[in-house]
Amino acid sequence: MLCQKTTYLLLSLLTTSLGLISTYQPAQASNLLGEWYYTIDSFNDGLSPDVNIGISPYEIYGLAMKETANEITFAINTNLPAQGIGNIYAQDFHVDWGDLLLNFTGKSLDDANAASQLFGVHWAVHESGVQELGVYQNVTAKAIAQENGLILQDASLRGYNNRVISKGGNPSHGDLGVNNNYFNENHHVQNVIATGTKIGAVNVLSDISNLGLDFAHFGATGTQTLAFSVERHLLPDGSFVAHLSPECDNDLIAMAGNLKPYYQPPQSVPEPSTLLPLGVMALFFVASRQQYRH
């Protein structure tokens, strides 16, 4: 028989391993494929007054990021063109893209915004508070959803979520899911830079054919794939949440990512569930050796 000490150790390993497997994870974590990290959003949570849910021109299917030693590239799979579209409900009759907003503080969006601690990438011409395309630090952001046609009785993220559900859709905020403490449900999500200090340029890419992107692997088949890059040194190291939406906030995607202080090519990490059998096998081997010695 196995010695009592080894039996206790085996039970401990099983309990710990199962606990790791059941630990809370984001509703849909970023997926590593090749050199790209992909965040996949719900395919039927883009609102539009003129079409059914699921075929909205504002639908965002996925957001991807690739990091190298010198550059970070972001790509969006969507139905919304880079130049935006006309919208009779918008004050200027046109809806463009918002800014990519990044938060490295570990705080909620509202708290980091109040402290001017956001970074922003102004990559498309629109109603941003800054004029020049580029990367900005010390950013405060604002929401311009209502001015761009998102007119809800409950003018808030909660109102957007409820409207999507009422139309038979499945609201999601990328890696964060729909229930999270990052966004404040009581108002529209901030989607453009209000103020900030420019620290560098953004390179909007017109040819994406050689980037190695494969959104279709995850079923993301929007009509548009847009991409832009920034120099690596312009953004801090560490964990971040980045989010992006059109000016109207008719869809929203958030990525939970990490930028390394020293670049290393990405490597797949085994899931805890795959490590469990290996650990148990190793422990049984040790236990059998002890039994043999006794």
Side-chain angles (χ1 to χ4, degrees), residues 22-33 36-65 74-81 85 87 89 95 97-98 100-101 103 108-109 143 145-146 148-191 213-226 241-257 271:
S22 62
T23 298
Y24 171 79
Q25 294 181 354
Q28 185 154 338
S30 293
N31 303 278
L32 175 62
L33 181 65
W36 288 89
Y37 289 94
Y38 293 84
T39 293
I40 303 302
D41 195 37
S42 168
F43 296 164
N44 64 347
D45 65 344
L47 289 177
S48 178
D50 304 318
V51 299
N52 293 330
I53 198 84
I55 56 173
S56 167
Y58 305 106
E59 192 71 63
I60 301 173
Y61 294 84
L63 175 64
M65 182 191 77
F74 294 95
I76 312 110
N77 186 253
T78 178
N79 288 339
L80 184 63
I85 60 172
N87 185 322
Y89 301 99
V95 172
W97 277 101
L100 179 71
L101 299 170
N103 180 0
S108 70
L109 176 59
Q146 195 157 348
N148 283 277
L150 186 57
I151 302 171
L152 302 171
Q153 185 174 2
D154 181 358
S156 66
L157 177 60
R158 178 181 53 250
Y160 157 82
N161 290 334
N162 290 337
R163 177 64 65 88
V164 170
I165 294 170
S166 73
K167 289 180 171 289
N170 178 33
S172 175
H173 307 148
D175 286 341
L176 302 186
V178 71
N179 297 311
N180 61 77
N181 295 321
Y182 184 72
F183 296 119
N184 186 339
E185 283 195 332
N186 295 316
H187 58 70
H188 286 310
V189 173
Q190 300 91 328
N191 53 2
L213 285 163
D214 190 5
F215 279 104
H217 178 85
F218 304 99
T221 55
T223 60
Q224 311 285 322
T225 299
L226 315 173
V241 174
H243 76 274
L244 177 69
S245 72
E247 290 177 323
C248 58
D249 268 354
N250 275 13
D251 200 358
L252 166 71
I253 189 167
M255 168 183 280
E271 295 291 331

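All heavy atoms count here, side chains included; hydrogens, waters and symmetry mates do not. If you're wondering where the values come from, they're calculated on a predicted model, not measured in any experiment.
- When all heavy atoms are compared, the tightest approach of Val241 to Leu176 is CG1-CD1, 4.1 Å.
- Nearest heavy-atom pair across Ser56 and Asn79 is O-ND2, 3.0 Å.
- In this structure, Ile76 CD1 and Ile60 CD1 are separated by 8.0 Å, a value rounded to the nearest 0.5 Å.
- Note: Leu157 CG to Leu109 CG = 10.5 Å, rounded to the nearest 0.5 Å.
- Legend: residues meeting side chain to side chain donor-acceptor pair (under 3.5 Å) with Asn44, ordered by chain and number and at least two apart, are Ser42.
- Asn186 is linked by a side chain to side chain donor-acceptor pair (under 3.5 Å) to Arg158, Asn184, counting only residues two or more places apart in sequence or in another chain.
- We find the CG-OH distance between Leu252 and Tyr160 to be 6.5 Å, quoted to the nearest 0.5 Å.
- Annotation: the span from Lys167 atom NZ to Asn52 atom CG amounts to 7.5 Å, rounded to 0.5 Å.
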For Leu63 and Asp41: C-alpha separation, side-chain torsions, deciding distance, then whether side chain to side chain contact (heavy atoms under 4.5 Å, CB included) applies. CA-CA 8 Å; Leu63 175 64; Asp41 195 37; over 6 Å; no
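- Within the model, atoms CD1 of Ile165 and CD1 of Ile53 stand 10.5 Å from one another, a figure rounded to the nearest 0.5 Å.
- Every residue was checked against the ring-ring contact (aromatic ring centres under 6.0 Å, His included) condition with His188, not counting sequence neighbours, and none meets it.
- The side chain to side chain donor-acceptor pair (under 3.5 Å) search around Gln190 returns Asp110, not counting sequence neighbours.
- Counting all heavy atoms, side chain and backbone alike, Thr39 lies closest to Gly174 at CG2-CA, 3.8 Å.
- With sequence neighbours excluded, the residues that form a ring-ring contact (aromatic ring centres under 6.0 Å, His included) with Phe43 are Tyr61.
- When atom types are taken as modelled, the side chain of Asn191 and the backbone of Gly98 share no donor-acceptor pair closer than 3.5 angstrom.
- When all heavy atoms of Pro171 and Gly169 are compared, the closest pair comes out as CD-O, 3.7 Å.
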Assess the residue pair Trp97 and Thr78 against the criterion (side chain to side chain contact (heavy atoms under 4.5 Å, CB included)); give the C-alpha distance rounded to whole Å, side-chain angles, the decisive distance to 0.1 Å, and a yes or no. CA-CA 11 Å; Trp97 277 101; Thr78 178; 3.6 Å; yes
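- Between Asn103 and Ser108, the closest heavy-atom pair is ND2-O, 3.6 Å.
- Closest approach of Gly46 to Glu59, counting heavy atoms only: N-OE1, 3.0 Å.
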Solution key, residues 213-224 side-chain donor-acceptor pairs under 3.5 Å, sequence neighbours excluded:
residue	atom	partner	partner atom	Å
Asp214	OD1	His217	N	3.3

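- In this structure, the separation between CG on Asn31 and OH on Tyr38 is 10.0 Å, given to the nearest 0.5 Å.
- Every side chain to side chain contact (heavy atoms under 4.5 Å, CB included) that Ile85 has, sequence neighbours left out, goes to Pro57, Tyr58, Leu80, Pro81.
- Looking only at distances, no side-chain donor or acceptor of Asp251 sits under 3.5 Å from a matching main-chain atom of Pro246.
- In this structure the side chain of His173 reaches within 4.5 angstrom of the side chain of Val178, judged on heavy atoms.
- Under the side chain to side chain donor-acceptor pair (under 3.5 Å) criterion, Asp45 pairs with no residue at all, not counting sequence neighbours.
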